[in-house]
Amino acid sequence: MDLQNLGYALTQVAHNFGAVAVLGGSLGALWRSPQLESERVLGWLVCIGWAIQIASGSLFGAISFHYYGRFPDISGIAVMSLIIKVMCASGGFFLAALYLWRAAAWPVARRRRIWLTMSGLSAAALTAAAFLRWFS
Ligand code: HEM
């Protein structure tokens with residue numbers, strides 16, 4: 001059993017499902033008619049999804065470092081795409097945590113703005129992910 005490939009593949013599984021959770025959860029909340037109880041369930045899903053993205057994204061780097069003694073040799077556009085992903089994930093996690101903490105006191109319009117922003121952050125991160133494979 002090749003532990004490096006297995007570790008990488010399992011990390012990618014978590015990373016893929018995390019991506020589905022943040023985009024799907026945010027769009028799902030926008031799509032349904034506003035209702036705080038069910039939105040909070042989606043809030044947890046999305047918050048956990050962002051945390052999974054940060055943890056699994058870091059694990060990719062840790063696995064490379066463990067096996068090769070250095071991080072993957074990326075530059076230029078790929079580095080930019082990674083920075084965008086880290087910013088989206090940190091911002092998204094912050095917004096989701098803030099939502100879970102404060103949303104009960106917020107008007108519907110503010111709740112929808114947060115869901116819209118998290119949808120945008122998810123879409124931006126997914127788009128940036130494609131440019132991680134830009135080698136030059
Ligand atoms: C701290 C934040 C993040 C870090 C450090 C990170 C890191 C990475 C790394 C290193 C890879 C490359 C894996 C490989 O070798 O193929 C990757 C792939 C990927 N990431 Fe992230 N990621 C982060 C956040 C996100 C977010 C928020 C999303 C989407 C919502 C996302 C979606 C993807 C997708 C779809 C891939 C697969 C791309 C492909 O195979 O072409 N990532 N990520």
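Atoms within each ligand, like the ligands themselves, are counted from 1 in listed order. Given the structure is predicted, the values throughout are model-derived calculations rather than measurements.
- No side-chain heavy atom of F131 sits under 4.5 Å from any side-chain heavy atom of M80.
- Using a 4.5 Å heavy-atom threshold, the side chains of I52 and F17 count as separate.
- Note that the CG atom of L116 and the CZ atom of R111 stand 14.5 Å from one another [nearest 0.5 Å].
- Without hydrogens or angle criteria, Q53 side chain to H15 main chain gives a donor-acceptor distance under 3.5 Å.
- When each atom of ligand 1 is checked for a heavy atom of I54 under 4.0 Å away, the hits are 1 (C).
- At the shortest separation from atom 37 (C) of ligand 1 among protein heavy atoms lies Q12 NE2, 3.6 Å.
- Residue-to-ligand polar distances keep W50 apart from ligand 1: every N/O pair is separated by 3.5 Å or more.
- Among all non-hydrogen protein atoms, the one lying nearest atom 26 (C) of ligand 1 is Q53 NE2, 3.4 Å.
- The closest side-chain heavy-atom distance from M118 to V22 is not below 4.5 Å.
- For the atom pair OG of S122 and CH2 of W115, the computed distance is 10.0 Å after rounding to the nearest 0.5 Å.
- The nearest protein atom to atom 4 (C) of ligand 1, hydrogens excluded, is given as G57 CA, 3.5 Å; this is a heavy-atom distance.
- Applying the 4.0 Å criterion to heavy atoms of L132 picks out, from ligand 1, the atoms 8 (C), 9 (C), 11 (C), 12 (C), 17 (C), 18 (C), 43 (N).
- Here is the list of ligand 1 atoms found below 4.0 Å of a heavy atom in A125: 26 (C), 27 (C), 28 (C), 29 (C), 30 (C).
- Remark: Y8 OH is packed, more than 12 non-hydrogen atoms of other residues, nucleotides or ligands lying under 6.0 Å away.
- For atom 9 (C) of ligand 1, the nearest non-hydrogen atom of the protein is F60 CD1, 3.3 Å.
- A heavy-atom distance below 4.5 Å is not found between the side chains of W134 and S81.
- Atom NE2 is the N/O/S atom of H15 found closest to atom 21 (Fe) of ligand 1.
- Under 4.0 Å from ligand 1, the heavy atoms of L82 that appear belong solely to its side chain.
- For ligand 1, the atoms lying closer than 4.0 Å to a non-hydrogen atom of A19 are 29 (C), 30 (C).
- The protein non-hydrogen atom at the shortest distance from atom 34 (C) of ligand 1 is A129 CB, 3.5 Å.
- Summarising the local packing, OH of Y67 is surrounded by more than 12 heavy atoms from other residues, nucleotides or ligands at distances under 6.0 Å.
- Of the protein's non-hydrogen atoms, the one nearest atom 41 (O) of ligand 1 is R133 NE, 2.7 Å.
- Closest approach of L100 to G43, counting heavy atoms only: CD2-C, 3.9 Å.
- The atoms of ligand 1 that sit less than 4.0 Å from any heavy atom of V22 are 30 (C).
- At a threshold of 2.8 Å, atom 21 (Fe) of ligand 1 has a backbone or side-chain N, O or S atom of K85 nearer than that distance.
- In terms of protein heavy-atom proximity, atom 35 (C) of ligand 1 is closest to L126 CD2, 3.8 Å.
- One distance of note links CD of Q12 with CD1 of I63; it measures 10.5 Å at 0.5 Å rounding.
- Nearest protein heavy-atom contact of atom 15 (O) of ligand 1 is Y8 OH, 2.9 Å.
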